**Student:** 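For reference, the structure I am asking about is given below.
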Amino acid sequence: MRTSQIHDHYEPERLKQIYDKAERGKARMDGIREAIVQADAHEDTPFRVYFRLQLCEESNFYGDSMDMLVTFPQVLAIVDRYPDTPCTRYNNRVFANCMGHVLWVYKWILNSCDEFYQIPMTDCENFFEDFKRRSLAYGYNLRPYYLCRYYFYNSMDLDEKAREAFFAYESLPRDANCNCKACERNASIGFYLDMDDMEKAKELASDIENLSLRCNHDRMAAWLRLQRHYMNYYLDSERRAFTEAEKYCRLIERHMIKACEYQEWDSFLYCYAHTNMGKALQIYKNHWKEWEDERNPSSEYYTCKNIMRFFKKLGEVRKRKTVKLQMEPSFPLYQENGQYEILSLYQYYYGRARKVAELFDARNGTDSYCHWLEKAAKEG
């Protein structure tokens, strides 16, 4: 189906069937974009909203979130013009109209504000306040608002504000716009691990560990998030317990699902650099190209920081100062003979991470990203 074609025989259900069969990620997003074109051409407002929210979901879970950030303001413009737009039969649930679905997706926008330095702080604040206003107007409380605030402050190392937001979240009852119980439980586990309270985290985790509490959309999702929490806990610079972290790396690898949040290859790279350098080197060879194409600035920063640490460790354990790699000519340091200086690779990824760190710190008015990077460069 070509985007340039507008079909007189318009069947939104058929368009959904077509893109639902496509592979997750780019292919499915292309199909959803075609559905948006058709819905716009036929002025089908419920599906104009629904298809755009579908694109947001695919971008958030199977892309880099950039398409979601571009598309979601279009959704707000449509619902502000047509505030009583009904749901389609695909998103009816308990919603009085499509705004219930819009507010559900809005949480993903708030959770992406910390990932893109291109979003000015004033715009981030405007998103939060707009979500707050719309939530209250729709009859929801602010439990999801405060959870998103917690993540936002935590990303900038604003510990006191993060804790205040988390406890405000905990104090409010669940309502229809809250994440599922398993997702909320994982949020609490992450908080207590940040507080270095492993005992409390383990207590909260028991029914996720035994799969009696699961995420709504996938049997393994909540369990995988839990293993990721533990992995990151042991990879944290205060612990650097690589043998413990490796156990969780292997669990996540073994049970990994396609959603982007579980593709923790750069964290595996950092961990295995200290426990299994051969495996770490193979991970780099398998994934360097996708890391080179990264569009999400937060992901670029954390990935380059981990790759930098990998090359620092490689330089320490390897007698030779070079490493043989089969790279493509598009790689900025491309060498036709395939021999690369380890120090140059380290400096390249450090430079990428530093550039992004400075942009985030300038946006946030903090020095957190640069501080974390320098600490990582020192520790390896």
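Being a predicted model, the structure only gives us computed values, none of them experimental.
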**Student:** Any side-chain donor paired with an acceptor under 3.5 Å for Asn286 and Gln282?
**Tutor:** yes
**Student:** When rounded to the nearest 0.5 angstrom, what distance separates OH in Tyr302 from OG in Ser267?
**Tutor:** 11.0 Å
**Student:** Who pairs with Glu13 by salt bridge (Lys or Arg N to Asp or Glu O under 4.0 Å), at least two apart in sequence or on another chain?
**Tutor:**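 With sequence neighbours excluded, Glu13 shows a salt bridge (Lys or Arg N to Asp or Glu O under 4.0 Å) to no residue whatsoever.
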**Student:** What's the spacing between Asn154 CG and Lys161 NZ if we round to 0.5 Å?
**Tutor:** 13.5 Å
**Student:** Is the closest side-chain heavy-atom distance between Tyr270 and Arg240 below 4.5 Å?
**Tutor:**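 Yes. Closest side-chain heavy atoms under 4.5 Å.
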**Student:** Run through Glu58, Gln54, Arg28 and flag the one making a side chain to side chain donor-acceptor pair (under 3.5 Å) with Tyr19.
**Tutor:**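 Of all the options given, the one that passes is Gln54.
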**Student:** Working to the nearest 0.5 angstrom, can you tell me the gap between Leu345 CG and Trp288 CH2?
**Tutor:**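 These two atoms lie 11.5 Å from each other.
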**Student:** Mind checking whether His101 and Cys87 have side chains closer than 4.5 Å, heavy atoms only?
**Tutor:** no
**Student:** Between Glu294 and Arg352, does at least one N-O distance fall below 4.0 Å, as a salt bridge requires?
**Tutor:**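 Not counted as a salt bridge, because no side-chain N and carboxylate O are separated by less than 4.0 Å.
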**Student:** Flag the pair Met220 / Met256 as yes when at least one side-chain heavy-atom distance between them is below 4.5 Å, and no otherwise.
**Tutor:**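 Not in contact.
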**Student:** With a cut-off of 6.0 Å (strictly less than), are more than 12 heavy atoms of other residues, nucleotides or ligands near NZ of Lys181?
**Tutor:**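 No, the 6.0 Å shell around NZ holds no more than 12 heavy atoms from other groups.
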**Student:** Can you find a pair of side-chain heavy atoms, one from Pro144 and one from Asn179, that are under 4.5 Å apart?
**Tutor:**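 A side-chain contact is absent here, since even the closest heavy-atom pair is not under 4.5 Å.
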**Student:** Indicate, with yes or no, if the rings of Tyr150 and Tyr169 have centres closer together than 6.0 Å.
**Tutor:**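 No - the distance between ring centres of Tyr150 and Tyr169 does not fall below the 6.0 Å cut-off.
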**Student:** A quick test of your reading: do over 12 heavy atoms of other residues, nucleotides or ligands sit less than 6.0 Å from CD of Glu23?
**Tutor:** no
**Student:** Closer than 4.0 angstrom, basic N to acidic O: yes or no for Asp67 and Arg52?
**Tutor:** no
**Student:** Could you go through Tyr146 and Glu164, starting from their C-alpha distance and side-chain angles, then the distance that decides it, and tell me whether this counts as side-chain contact (heavy atoms from CB on, under 4.5 Å)?
**Tutor:** CA-CA 9 Å; Tyr146 284 116; Glu164 288 177 1; over 6 Å; no
**Student:** Identify, with sequence neighbours excluded, every residue that meets ring-ring contact (aromatic ring centres under 6.0 Å, His included) alongside Tyr151.
**Tutor:** none
**Student:** Before accepting this row, confirm whether a basic side-chain N of the pair Lys202/Asp197 lies closer than 4.0 Å to the acidic partner's carboxylate O.
**Tutor:**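 Looking at Asp197 together with Lys202, the answer is no, because their closest N to O distance does not fall below 4.0 Å.
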**Student:** With side chains defined as the heavy atoms from C-beta onward, is the minimum distance between His287 and Gln263 less than 4.5 Å?
**Tutor:** no
**Student:** Output yes when a side-chain donor or acceptor of Ser59 lies under 3.5 Å from a complementary backbone atom of Met68, and no otherwise.
**Tutor:**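 Pair found, side chain donor or acceptor close to backbone of Met68.
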**Student:** Just verifying a value: how many Å separate Leu204 CG and Asn186 CG, rounded to the nearest 0.5 Å?
**Tutor:**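 With rounding to 0.5 Å, CG (Leu204) is 10.0 Å from CG (Asn186).
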**Student:** Kindly indicate whether the side chain of Tyr90, heavy atoms from C-beta on, has any atom under 4.5 Å from the side chain of Tyr50.
**Tutor:** yes
**Student:** Does Glu170 come within less than 4.0 Å of Arg143, counting only side-chain N to carboxylate O?
**Tutor:** no
**Student:** Assess Lys16 against Phe51: is NZ or CZ under 6.0 Å from the centre of the six-membered ring, and within 45 degrees of the ring's axis?
**Tutor:**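 Output no; distance or angle outside limits.
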**Student:** CG of Asp266 to CD of Glu290: how many Å apart, nearest 0.5 Å?
**Tutor:** 9.5 Å
**Student:** In terms of heavy-atom contacts, does CZ of Arg133 have more than 12 from other residues, nucleotides or ligands at under 6.0 Å?
**Tutor:** yes
**Student:** Show your reasoning for whether side-chain hydrogen bond (donor to acceptor under 3.5 Å, both in side chains) applies to Tyr369 and Asn364.
**Tutor:** CA-CA 10 Å; Tyr369 281 79; Asn364 297 339; 4.8 Å; no
**Student:** Regarding Gln227 and Glu264, is there a side-chain donor-to-acceptor distance under 3.5 Å anywhere?
**Tutor:** no
**Student:** Is NZ or CZ of Arg228 both nearer than 6.0 Å to the six-membered ring centre of Tyr248 and within 45° of the ring axis?
**Tutor:** no
**Student:** Parallel under 30°, tilted from 30 to 60°, perpendicular over 60°: which one fits the rings of Phe128 and Tyr145?
**Tutor:** perpendicular
**Student:** Do Glu246 and Arg250 meet the salt-bridge criterion of a basic N to acidic O distance under 4.0 Å?
**Tutor:** yes
**Student:** Is there a path of hydrophobic side-chain contacts, each under 4.5 Å between heavy atoms, that joins Phe127 and Leu136?
**Tutor:**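 Phe127 clusters together with Leu136.
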**Student:** Angle between ring planes, Tyr140 versus Tyr138, binned at 30° and 60°: parallel, tilted or perpendicular?
**Tutor:** tilted
**Student:** Could you tell me whether the side chain of Lys321 reaches within less than 4.5 Å of the side chain of Leu343, counting heavy atoms only?
**Tutor:**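 Not in contact.
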**Student:** State plainly whether the residues Glu379 and Arg309 are in salt-bridge range, i.e. N to O under 4.0 Å.
**Tutor:**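 Between Arg309 and Glu379 there is no salt bridge, as every charged N stays at least 4.0 Å from the carboxylate O atoms.
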**Student:** Could Asp293 and Lys289 be called an ion pair, given the rule that one side-chain N must be under 4.0 Å from one carboxylate O?
**Tutor:** yes
**Student:** CZ/Arg363 to SG/Cys124 distance, rounded to the nearest 0.5 angstrom?
**Tutor:** 4.0 Å
**Student:** Does a side-chain N-to-carboxylate-O contact under 4.0 Å join Lys355 and Glu358?
**Tutor:** no
**Student:** Over 60° means perpendicular and under 30° means parallel, so tell me whether Tyr192 and Phe166 are parallel, tilted or perpendicular.
**Tutor:** perpendicular
**Student:** Can you name the side chain to side chain contact (heavy atoms under 4.5 Å, CB included) partners of Glu125, sequence neighbours left out?
**Tutor:**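 Scan of Glu125 (side chain to side chain contact (heavy atoms under 4.5 Å, CB included), adjacent residues dropped) gives Met121, Arg149, Phe152.
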**Student:** Between the side chains of Thr322 and Glu341, does any donor sit under 3.5 Å from an acceptor?
**Tutor:** no
**Student:** Parallel, tilted or perpendicular for Tyr284 and Trp291, by the 30°/60° rule?
**Tutor:** tilted
**Student:** Looking at Ser368, is its backbone amide N or carbonyl O close enough to the side chain of Asp361 to form a donor-acceptor pair, meaning the two atoms are under 3.5 Å apart?
**Tutor:**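 The answer is yes, because a donor-acceptor pair under 3.5 Å joins these two groups.
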**Student:** With a distance cut-off below 6.0 Å to the six-membered ring centre and an angular limit of 45° from the axis, does Lys107 pair with Trp104 as a cation-pi contact?
**Tutor:**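 Yes, Lys107 and Trp104 form such a contact.
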**Student:** Stepwise, does the side-chain contact (heavy atoms from CB on, under 4.5 Å) test hold for Asp236 with Asn232?
**Tutor:** CA-CA 6 Å; Asp236 185 84; Asn232 289 330; over 6 Å; no
**Student:** Name every donor-acceptor pair, under 3.5 Å, that has one atom in a side chain of residues 324-332 and the other anywhere in the protein, sequence neighbours excluded.
**Tutor:**
unit_1: Lys324; atom_1: NZ; unit_2: Asn337; atom_2: O; d: 2.8

**Student:** When the aromatic ring centroids of Tyr301 and Tyr117 are compared, is their separation below 6.0 Å?
**Tutor:** no
**Student:** Go through the side-chain N and O atoms of Glu11 and His9 and say whether any donor and acceptor fall under 3.5 Å apart.
**Tutor:**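 His9 and Glu11 do have a side-chain donor-acceptor pair below 3.5 Å.
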**Student:** Mind checking what makes ring-ring contact (aromatic ring centres under 6.0 Å, His included) contact with Tyr272, not counting sequence neighbours?
**Tutor:** none
**Student:** Are Glu238 and Lys375 within salt-bridge range, i.e. N to O under 4.0 Å?
**Tutor:** yes
**Student:** Do Phe360 and Thr366 have side chains that approach each other closer than 4.5 Å (heavy atoms only, starting at C-beta)?
**Tutor:** no
**Student:** Please tell me whether Tyr346 and Phe311 form a close aromatic pair, meaning their ring centres lie under 6.0 Å apart.
**Tutor:**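 They do not qualify: ring centres at least 6.0 Å apart.
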**Student:** Not counting sequence neighbours, which residues clear side chain to side chain contact (heavy atoms under 4.5 Å, CB included) with Tyr82? List them please.
**Tutor:** Thr45, Arg48, Ile78, Thr85
**Student:** So is Lys312 actually on top of Tyr349's ring, under 6.0 Å and inside 45° of the axis?
**Tutor:**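 Relative to the ring axis of Tyr349, which defines the angle, Lys312 lies outside at least one limit.
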**Student:** Can you confirm whether the side chains of Asp130 and Tyr106 place a donor and an acceptor under 3.5 Å from each other?
**Tutor:**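 Yes, a side-chain donor-acceptor pair sits under 3.5 Å.
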**Student:** Side chains of Asn296 and Asp64: is there a donor and an acceptor less than 3.5 Å apart?
**Tutor:**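 No, because no side-chain N or O of Asn296 sits under 3.5 Å from a partner of the opposite role on Asp64.
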**Student:** So that I know where these two stand, are Trp108 and Phe61 an aromatic pair - ring centroids less than 6.0 Å apart?
**Tutor:**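 Ring centroids of Trp108 and Phe61 are less than 6.0 Å from each other.
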